[in-house]
Amino acid sequence: MLSSQCFQNPPTLSSTCGAGTVQEFGGLQTYITGSPDSKLAIIFIADAFGYEAPNLRKLADKIAGAGFLVVVPDFFYGDPVIDPEDPNFDINSWLKVHNTDKGCEDAKAVIAALKSKGVSAIGAAGFCWGGMVLVKLASSTDLHAAVILHPGPITEDQINDVKVPIAILGAENDHIFPSEHLKQFGEKLSAKSEIDSFVKIFPGVAHGWTVKYKADDESAVKSAEESHLDMLNWFTKYVK
């Protein structure tokens with residue numbers, strides 16, 4: 001279950017932001033950036049605010065600049081969270097419609113579409129809700145690498161089922177996924193000798209810091225950029 005911390009600092013969504021284009025891909029409207037001829041692809045699975053969040057698209061453009069084709073599908077079918085303070089908004093009803101099992105099914109269709117166009121290696125990054133989807137995907141070998149950033153609730157069983165190199169980047173101040181919990185998961189992953197893992201807790205930041213920072217907050221930007229570099233390094237290492 002998501003909590004109020006997931007909805008703090010909501011972005012102002014924009015259908016036109018970013019250097020890429022929006023087109024249908026894998027059955028979903030998708031923001032696509034980077035070389036269409038790249039054989040290396042990264043899927044972004046957004047938090048509840050969806051694929052039109054400017055900082056998310058800016059990050060997709062940054063990863064694309066390293067040689068990846070980056071796709072950011074609209075897993076919410078035009079129904080992201082826009083105003084969590086709206087008295088008519090009910091998170092439980094929204095989550096029933098946009099559940100992570102459906103997100104996982106849709107992501108598999110995107111993976112299939114990437115493979116059909118000749119992509120040879122695929123990684124994925126999941127943010128909050130997207131991390132809950134991604135940990136399910138990571139139980140198969142459809143992906144070459146996974147990076148989960150400030151995850152929503154994921155379980156010990158799901159961590160035990162992970163079969164691909166995985167990095168989890170967490171916040172020191174996170175009510176949804178406390179750092180103590182993340183440390184325990186890090187220990188479990190370290191014991192899985194068959195896969196590589198990387199767990200990092202960023203000090204002084206809160207849930208959502210990688211994509212919901214304020215551009216005029218120098219410290220917040222620095223922490224976000226550090227997480228972006230960690231993510232890029234992980235993908236560079238395993239998606240090749």
Side-chain angles (χ1 to χ4, degrees), residues 1-3 5-6 41-48 56 59 63 73 75 91 95 98-108 110-111 121-203 205-212 223 226-240:
M1 180 60 66
L2 305 184
S3 82
Q5 202 176 28
C6 299
I42 305 297
I43 303 168
F44 274 20
I45 311 175
D47 63 16
L56 184 72
L59 178 53
I63 300 299
F75 289 105
I91 182 57
L95 283 170
H98 305 297
N99 61 79
T100 55
D101 286 339
K102 175 68 167 110
C104 190
E105 289 177 17
D106 288 339
K108 288 180 179 179
V110 173
I111 291 170
I122 304 170
F127 305 79
C128 187
W129 180 92
M132 296 161 65
V133 172
L134 181 50
V135 76
K136 296 173 185 284
L137 290 174
S139 66
S140 75
T141 54
D142 290 334
L143 299 173
H144 287 73
V147 179
I148 297 178
L149 305 98
H150 38 83
I154 58 180
T155 69
E156 184 175 322
D157 286 343
Q158 288 173 326
I159 287 295
N160 289 336
D161 286 342
V162 168
K163 292 183 175 64
V164 298
I166 186 168
I168 306 179
L169 308 180
E172 180 182 29
N173 305 315
D174 195 328
H175 304 153
I176 301 136
F177 206 92
S179 55
E180 296 79 11
H181 198 179
L182 184 53
K183 288 175 184 175
Q184 292 171 5
F185 278 18
E187 291 170 0
K188 287 191 171 294
L189 286 167
S190 294
K192 291 168 68 75
S193 58
E194 68 275 18
I195 64 165
D196 194 9
S197 61
F198 175 69
V199 173
K200 183 174 179 178
I201 298 168
F202 286 70
V205 297
H207 184 88
W209 92 99
T210 67
V211 287
K212 293 196 290 182
S223 289
E226 182 180 341
S227 72
H228 301 165
L229 181 59
D230 286 338
M231 178 173 70
L232 177 58
N233 287 341
W234 195 254
F235 287 143
T236 300
K237 185 176 181 180
Y238 288 109
V239 183
K240 57 186 180 181

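Given the structure is predicted, the values throughout are model-derived calculations rather than measurements.
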State which residues pass side chain to side chain donor-acceptor pair (under 3.5 Å) with Lys237; sequence neighbours excluded, sorted by chain then number.
Asp196

The side chain to side chain donor-acceptor pair (under 3.5 Å) partners of Lys163 (sequence neighbours excluded) come to none

State whether the side chain of [X] and the backbone N or O of [Y] hold a donor-acceptor pair below 3.5 Å, judged by distance alone.
{"X": "Lys192", "Y": "Val162", "result": "yes"}
{"X": "Lys212", "Y": "His207", "result": "no"}
{"X": "His150", "Y": "Gly170", "result": "no"}
{"X": "Trp129", "Y": "Gly103", "result": "no"}

Heavy atoms of other groups near Lys240 NZ, more than 12 under 6.0 Å:
no

Of the non-hydrogen atoms in [X] and [Y], which two are nearest, and what is the gap between them?
{"X": "Ala124", "Y": "Leu143", "answer": "CB-CD1, 3.9 Å"}
{"X": "Trp234", "Y": "Val147", "answer": "CD1-CG2, 3.6 Å"}
{"X": "Ile154", "Y": "Met132", "answer": "CG2-CA, 4.0 Å"}
{"X": "Met231", "Y": "Phe44", "answer": "CE-CZ, 3.9 Å"}
{"X": "Ser197", "Y": "Ser190", "answer": "OG-N, 3.9 Å"}
{"X": "Leu137", "Y": "Ala107", "answer": "CD1-CB, 3.5 Å"}

Does this structure show an ion pair linking Asp161 with Lys136, if we count only N-O contacts that are shorter than 4.0 Å?
no

Quick one: does Ile148's side chain get under 4.5 Å of Phe177's, heavy atoms only?
no

Would you check, one step at a time, whether the test side chain to side chain contact (heavy atoms under 4.5 Å, CB included) holds for Leu189 with Ile168?
CA-CA 10 Å; Leu189 286 167; Ile168 306 179; 4.0 Å; yes

Euclidean distance, [Y] [atom2] relative to [X] [atom1], rounded to 0.5 Å:
{"X": "Ile111", "Y": "Cys104", "atom1": "CD1", "atom2": "SG", "value": "8.0 Å"}
{"X": "Ile42", "Y": "Ile63", "atom1": "CD1", "atom2": "CD1", "value": "7.5 Å"}
{"X": "Asp174", "Y": "Ile201", "atom1": "CG", "atom2": "CD1", "value": "10.0 Å"}

Under 30°, 30 to 60°, or over 60°: which ring-plane class applies to His181 and Phe185, parallel, tilted or perpendicular?
perpendicular

Mind telling me whether Phe202 and Trp209 have parallel, tilted or perpendicular rings, with 30° and 60° as the class edges?
tilted

Which is it for Asn160 and Lys188 under the side chain to side chain contact (heavy atoms under 4.5 Å, CB included) test, yes or no, and what are the steps along the way?
CA-CA 7 Å; Asn160 289 336; Lys188 287 191 171 294; 4.1 Å; yes

Leu169 and Asp230: CA distance, side-chain angles, deciding distance, side chain to side chain contact (heavy atoms under 4.5 Å, CB included) verdict
CA-CA 9 Å; Leu169 308 180; Asp230 286 338; 4.2 Å; yes

Give the intermediate values and the outcome of side chain to side chain contact (heavy atoms under 4.5 Å, CB included) for residues Asn233 and Phe198.
CA-CA 11 Å; Asn233 287 341; Phe198 175 69; over 6 Å; no

